[in-house]
A.B. asks: 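Could you have a look at this structure, given as structure tokens, before my questions?
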Amino acid sequence: MLIKIARPSDCNPSDITPESLYLSRRAVLGASLAGIAVGALPGLAVAAETSRYADAAPGAAPGWFTDKLGATRWQAVTVKDEPITPFKDATHYNNFYEFGTDKGDPAANAGSLKTEPWSVVIDGEVAKPGRYALEDFVKPYALEERIYRLRCVEAWSMVIPWLGFSLAEVLKRVEPTSKARYLRFETLQDPKSMPGQRSSFALIDWPYVEGLRLDEAMNPLAILAVGMYGRELPNQNGAPLRLVAPWKYGFKSIKSIVRISLVAEQPQTTWESLAPTEYGFYANVNPTVDHPRWTQARERRLPSGLFSPNVRDTLMFNGYGDEVASLYSGLDLRKNY
Ligand SMILES: Nc1nc2c(c(=O)[nH]1)N[C@H]1C(S)=C(S)[C@@H](COP(=O)(O)O)O[C@H]1N2
Ligand SMILES: [Mo]
């Protein structure tokens with residue numbers, strides 16, 4: 001990642017969540033859901049749920065998305081006592097280098113991304129490979145809302161209400177063979193609609209590639225998201241399909257996925273290839289292993305400004321240790337950063 005001092009304009013202090021919005025959300029939550037908790041909220045109308053995100057005006061969502069919204073399991077997973085980041089910040093402070101390296105570039109430029117039609121290929125070490133139209137790919141899965149922390153390796157963070165489904169469900173359907181040990185994900189490559197791919201500035205060898213170990217991908221926290229804030233994903237957040245692995249630094253959560261391959265060997269991922277001493281394959285959020293050029297012990301929770309920097313301690317595995325720590329028993333996390 002490029003290192004940049006945040007400009008005051010990157011984050012506007014007036015974007016702070018209106019207290020009223022936050023309080024009404026807590027009221028809906030009612031029974032306090034500890035740490036990570038599971039609980040459907042039957043009886044709550046979809047309209048009431050989506051209106052919780054009053055500032056997240058939906059775009060013209062495709063029909064399959066609107067159909068799915070009705071059966072969504074709201075707040076299937078949430079965080080306790082941490083306000084949701086305002087939609088404005090989550091959609092105007094982005095990393096999506098295909099659209100430029102400044103935080104505002106994705107919002108300004110991602111309108112050119114054409115997300116319909118979209119197809120997803122699943123191949124490699126699976127019994128049932130295939131190429132799917134997006135609406136067919138998502139058809140078998142009910143949407144769940146997962147409110148997760150997102151911690152970027154650059155030491156800022158947000159809390160985002162995603163809409164998606166468990167990656168494990170997808171894997172069960174395609175049946176990985178006994179040789180499958182890793183997943184390799186690929187973002188769309190289309191220099192015509194992605195100005196960042198026409199420039200050599202970011203030094204990235206496109207397409208953007210990310211990966212997970214198969215057991216990490218099977219962890220219930222790993223999801224494929226198609227929406228956020230009760231609506232479809234904005235282009236700058238990785239429409240129409242992205243990974244979210246909340247215990248890892250944000251760069252693992254690859255956007256605008258066109259291909260998922262099951263492979264035997266650890267895939268070569270974009271940031272590890274570019275700067276292996278700075279960005280590892282695992283990239284688990286870890287406050288005790290600093291980046292060579294800055295501390296990872298703390299983070300700026302957005303919105304953060306000059307007068308309210310909103311700094312907080314970074315949690316091991318981004319606060320998801322109970323769910324994921326066992327994946328790494330016996331692994332030296334200092335070496336496998
Ligand atoms: N294809 C692609 N995926 C990507 C990136 C990118 O540049 N290209 N940036 C990553 C980084 S560094 C972060 S922090 C998150 C940011 O997600 P958000 O903009 O939705 O908050 O997306 C990740 N996924
Ligand atoms: Mo990031």
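All ligand and atom numbering here is 1-based and tracks the order in the structure.
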A.B. asks: Could you work out, for atom 17 (O) of ligand 1, the closest of Arg242, Gln236, Met194 by heavy-atom distance?
C.D. replies: Arg242

A.B. asks: Please list every donor-acceptor pair under 3.5 Å in which a side-chain atom of residues 134-144 meets a protein atom from a residue at least two apart or in another chain.
C.D. replies:
residue: Asp136; atom: OD1; partner: Lys139; partner atom: NZ; Å: 3.3
residue: Glu144; atom: OE1; partner: Arg146; partner atom: NE; Å: 2.8
residue: Glu144; atom: OE1; partner: Arg146; partner atom: NH2; Å: 3.0
residue: Glu144; atom: OE2; partner: Arg73; partner atom: NH1; Å: 2.9

A.B. asks: Just distances here: any N/O of Lys255 and N/O of ligand 1 closer than 3.5 Å?
C.D. replies: yes

A.B. asks: Do you see a donor-acceptor pair shorter than 3.5 Å between the side chains of Tyr229 and Glu145?
C.D. replies: no

A.B. asks: Can a donor-acceptor pair be found between the side chains of Gln296 and Arg151 at a distance below 3.5 Å?
C.D. replies: yes

A.B. asks: Relative to atom 11 (C) of ligand 1, which among Tyr279, Trp271, Phe251 owns the nearest non-hydrogen atom?
C.D. replies: Phe251

A.B. asks: With only distance considered, is Trp156 within less than 3.5 Å of ligand 1 through an N or O on each side?
C.D. replies: no

A.B. asks: Run the salt bridge (charged side-chain N to carboxylate O under 4.0 Å, His left out) test against Asp67 and tell me which residues pass, sequence neighbours left out.
C.D. replies: none

A.B. asks: Could you see which bit of Val153 sits under 4.0 Å from ligand 1, with heavy atoms only: side chain, backbone, both or neither?
C.D. replies: neither

A.B. asks: Flag Tyr93 as yes when one of its N or O atoms lies below 3.5 Å from any N or O atom of ligand 1, and as no otherwise.
C.D. replies: no

A.B. asks: Under 4.0 Å, heavy atoms only, figure out whether ligand 1 is touched by the backbone of Glu98, its side chain, both or neither.
C.D. replies: side chain

A.B. asks: Taking non-hydrogen atoms only, is Tyr208 closer than 4.0 angstrom to ligand 1 via side chain, backbone, both or neither?
C.D. replies: side chain

